[in-house]
Number of protein chains: 2
Amino acid sequence: MPSTARSAPRDPGGAQRILDAAERLFAERGFDAVAVTEIAAQAGVSKANVFHHFGSKRELYVAAVRAACQQTTALLAPDGGPGEAVRTRLGRFLAGHLEHVHERAGLTRLVVRELLEPGHNGAQELAEKAFGDGFERLVSLIREGQASGELRSEADPAAAALLMIGANVFFFQSRALLPHLPGVDFADDPAAYTRAVTDLLFRGLADDASGRDE
Amino acid sequence: MPSTARSAPRDPGGAQRILDAAERLFAERGFDAVAVTEIAAQAGVSKANVFHHFGSKRELYVAAVRAACQQTTALLAPDGGPGEAVRTRLGRFLAGHLEHVHERAGLTRLVVRELLEPGHNGAQELAEKAFGDGFERLVSLIREGQASGELRSEADPAAAALLMIGANVFFFQSRALLPHLPGVDFADDPAAYTRAVTDLLFRGLADDASGRDE
DNA sequence: GTCTATACAGGGATAGAC
DNA sequence: GTCTATCCCTGTATAGAC
C-alpha cells in the first residue's frame, strides 16, 4: 500500500479523502440515503474510483465506521485514579460518556444502527470495539469500588455497567421523543438526566454503611 | 373509503394484503433490504399497485410500523392493581416488557430504527405511541409507590421509567454483543438480567425504612 | 498503479390504458 | 383498482487512458 504508506498530513490522497467524505455523509444520513456518486463528488474523485479503492459501498461503510470508532476510545473522560471516591469517578465517567455520545451523534447513530442490522457482515467486532472499551472501564471501576467496600458486593458489575451505558444510549436515541412523554423535565438537559440517573444508581450501588449524605 | 369500509375478514383486499406483506418483510430485513417488487409479489399484486395505494415506499413503511404498533399496547403484562406491592408490580412489568420486546423482535427493530432516523417524517408520533403507553404506566406506578411511601419520594419517576425501558431496549439491541463483553453471564438469560436490573433499581428506589429483605 | 469513461442490472417511481 | 410500459438514478463491473 504505497499511497497510505506515505501518510503525509497534507493532501491525504484519494483513499483517505474518500474515507473522510464517507464518514461524514454516512454519519449524517445513514447508509442508503447516501449515494456513492455523492461521496465521490465530495472527495473530488470519480465514482468508479471509489469502487477501486473499496470493493463495494458496504465495505466502504464498514471502513468508515471502523475509522470513526478508533477515535471513540480516547475521547472518554480520563479517570482520576484511586485517589478519588469511586462514586465521583463513576459520575464523571457517565457525564463524559453522555456528552461524548451527543457530541459525536453521527457516529453514535452509525454504531447503534449497526447493532440493529440482522446480519452482522463483519461490522460486529467493530461495534464491539466501540462499546467494549467503555464497558470494560466501567466494570473494573465498579469492581474496584466493591473491593474497597464503597459499593455493594452483591450487585452484578456487568449488569450495572450495561444499565449505565444503556441509559445514556437510550437517552440519546429517544431525545426527539422525550418532550412528548409525560413527566419528563430533563428532555433538553442532559446534565439533569445524568444527575437523576446517578442518584438512582448510587442509592442502588452504595453500601448500607456509606453514601447516604449526597 | 369503500374498500376498507366493508372490513370483511376474508379476502382482505389489495391494500390490506400489501400492508401485511410489508409488515412481515420490513420486520425481517429492515427498510432498504426489501424491494417493493417483493412486497407486491407476496401480496399478489403488481408493483405499481403498491404505489397507487401508498404513495411511496417510505409511506408504506410508516403505515406498516403504525399498524404493528397498534398491537403493541395491549400485549404488555396486565397490572395486578393496588392490592399488590408496587415492587412486585414493577418487577412483573419489567419482565413482561422485556419478553414482549424479544417476542416481537421485528417490530422492536422497526421502532428503534425509526427513532434513529434523522428526519422523523411523520413517524415520530407513532414511535411516541409505541413507547408512550408503557412509559405512562411505569410513571404512574412509580408515583403510586411514592405516594404510599413504598418508594423514595425524591427519585425522579420519569428518569426511573426511562432507565427501565432503556435497560430493556438496550439489552435487546446489544444481545449479539453481550457474549463478547467481559463479565457478562446473563447474555442468554433475560430472566437473570431482569433480576439483576430490578435488584439494582429497587435498592435505589426503595425507601430507607422498607425493602431490604429481598 | 492510479484514475476516467462507459455499459449494464435492478430499484423506486410515473403515465396512461383497461 | 389494477395492470403494462417506461423513466431515471444508483450500485456494480469492465475496459482502457495516463
Side-chain angles (χ1 to χ4, degrees), chain A residues 1-8 10-26 28-65 110 113 117-119 121-123, chain B residues 1-8 10-26 28-65 113 117 119 121-123:
Chain A
M1 47 290 283
S3 66
T4 57
R6 295 163 54 211
S7 74
R10 294 164 166 260
D11 184 20
Q16 187 59 44
R17 287 206 314 274
I18 294 172
L19 206 58
D20 290 343
E23 182 181 337
R24 184 158 22 94
L25 286 172
F26 282 142
E28 275 173 13
R29 309 209 295 265
F31 181 73
D32 8 80
V34 173
V36 175
T37 312
E38 213 174 346
I39 298 174
Q42 290 216 6
V45 298
S46 90
K47 180 170 67 165
N49 195 359
V50 174
F51 288 96
H52 176 255
H53 283 292
F54 310 84
S56 71
K57 185 187 180 184
R58 177 81 200 166
E59 284 179 74
L60 171 58
Y61 180 75
V62 171
V65 180
L110 285 194
R113 221 186 296 251
E117 214 73 20
N121 301 330
Chain B
M1 50 289 281
S3 67
T4 57
R6 292 164 55 211
S7 73
R10 294 164 165 258
D11 185 21
Q16 187 59 44
R17 288 205 314 273
I18 294 172
L19 205 57
D20 289 344
E23 183 181 335
R24 183 160 20 95
L25 286 172
F26 282 142
E28 275 173 13
R29 310 211 294 265
F31 182 73
D32 7 81
V34 173
V36 175
T37 311
E38 211 173 347
I39 298 174
Q42 291 217 5
V45 298
S46 92
K47 180 168 66 164
N49 197 356
V50 173
F51 287 97
H52 176 255
H53 284 292
F54 310 85
S56 70
K57 184 187 181 184
R58 176 82 201 165
E59 284 179 76
L60 171 58
Y61 180 75
V62 171
V65 180
R113 222 186 294 253
E117 214 71 20
N121 300 330

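In what follows, chains are A, B, ... by sequence order, proteins preceding strands, each numbered from 1. Any value given below was found using the heavy atoms of this structure, including those in side chains, with hydrogens, waters and symmetry copies removed.
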Check your understanding: So Y61(A) and F31(A), would you call those rings parallel, tilted or perpendicular, with 30° and 60° as cut-offs?
Key -> perpendicular
Rounded distance (Å) that lies between atom [atom2] of [N] and atom [atom1] of [X]:
X: I18(B); N: dG12(C); atom1: CD1; atom2: P; answer: 14 Å
X: K57(B); N: dT10(D); atom1: NZ; atom2: P; answer: 15 Å
X: F54(A); N: dA13(D); atom1: CZ; atom2: P; answer: 16 Å
X: D32(B); N: dA13(C); atom1: CG; atom2: P; answer: 12 Å
X: F51(A); N: dT2(C); atom1: CZ; atom2: C1'; answer: 17 Å
X: I39(A); N: dC9(D); atom1: CD1; atom2: C1'; answer: 15 Å
X: E38(B); N: dG10(C); atom1: CD; atom2: P; answer: 14 Å
X: R58(A); N: dT10(D); atom1: CZ; atom2: P; answer: 20 Å

Check your understanding: Are OP1 or OP2 of dC3(D) and a side-chain N or O of H52(B) less than 4.0 angstrom apart?
Key ->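 So the side-chain polar atoms of H52(B) never come under 4.0 Å of the phosphate oxygens OP1 or OP2 of dC3(D).
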Review point. Closer than 4.0 Å, any side-chain N/O of N49(B) to the OP1 or OP2 of dC3(D)?
Key: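 Looking at the OP1 and OP2 atoms of dC3(D), one of them is under 4.0 Å from a side-chain N or O of N49(B).
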Practice item. Determine the minimum heavy-atom distance between H53(B) and A15(B), stating which atoms define it. Key: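 Shortest heavy-atom contact: ND1-CB, 3.8 Å.
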Exercise for review: Compare every heavy atom of V50(A) with every heavy atom of A40(A), then report the nearest pair and how far apart it is.
Suggested key: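 Nearest pair, atom of A40(A) first, then V50(A): CB-CG2, 3.8 Å.
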Quick one: which of [options] gets closest to the side chain of [X]?
X: K47(A); options: dA13(C), dC3(C), dT12(D); result: dT12(D)
X: T37(B); options: dC3(D), dG12(C), dC3(C); result: dG12(C)
X: V36(B); options: dG12(C), dC3(C), dA13(C); result: dG12(C)
X: V45(A); options: dG12(C), dT10(D), dT4(C); result: dT4(C)

Exercise for review: Can you tell me which residue pairs pass the salt bridge (Lys or Arg N to Asp or Glu O under 4.0 Å) test with a partner in residues 42-57 of chain B, sequence neighbours excluded?
Suggested key: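 Of all non-adjacent pairs touching residues 42-57 of chain B, none passes salt bridge (Lys or Arg N to Asp or Glu O under 4.0 Å).
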Practice item. Find the distance between CZ (R24(B)) and CD (Q42(B)) and round it off to the nearest 0.5 Å. Key: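 It comes to 4.5 Å.
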Exercise for review: Report which part of the nucleic acid A48(A) touches: base, sugar-phosphate, or nothing (heavy-atom distance under 4.0 Å, all strands).
Suggested key: base
Practice item. Name the nucleic acid region contacted by V34(B), choosing base, sugar-phosphate or nothing; use a 4.0 angstrom heavy-atom cut-off, strictly under. Key: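 Counting heavy atoms under 4.0 Å across all strands, the contact made by V34(B) is with sugar-phosphate only.
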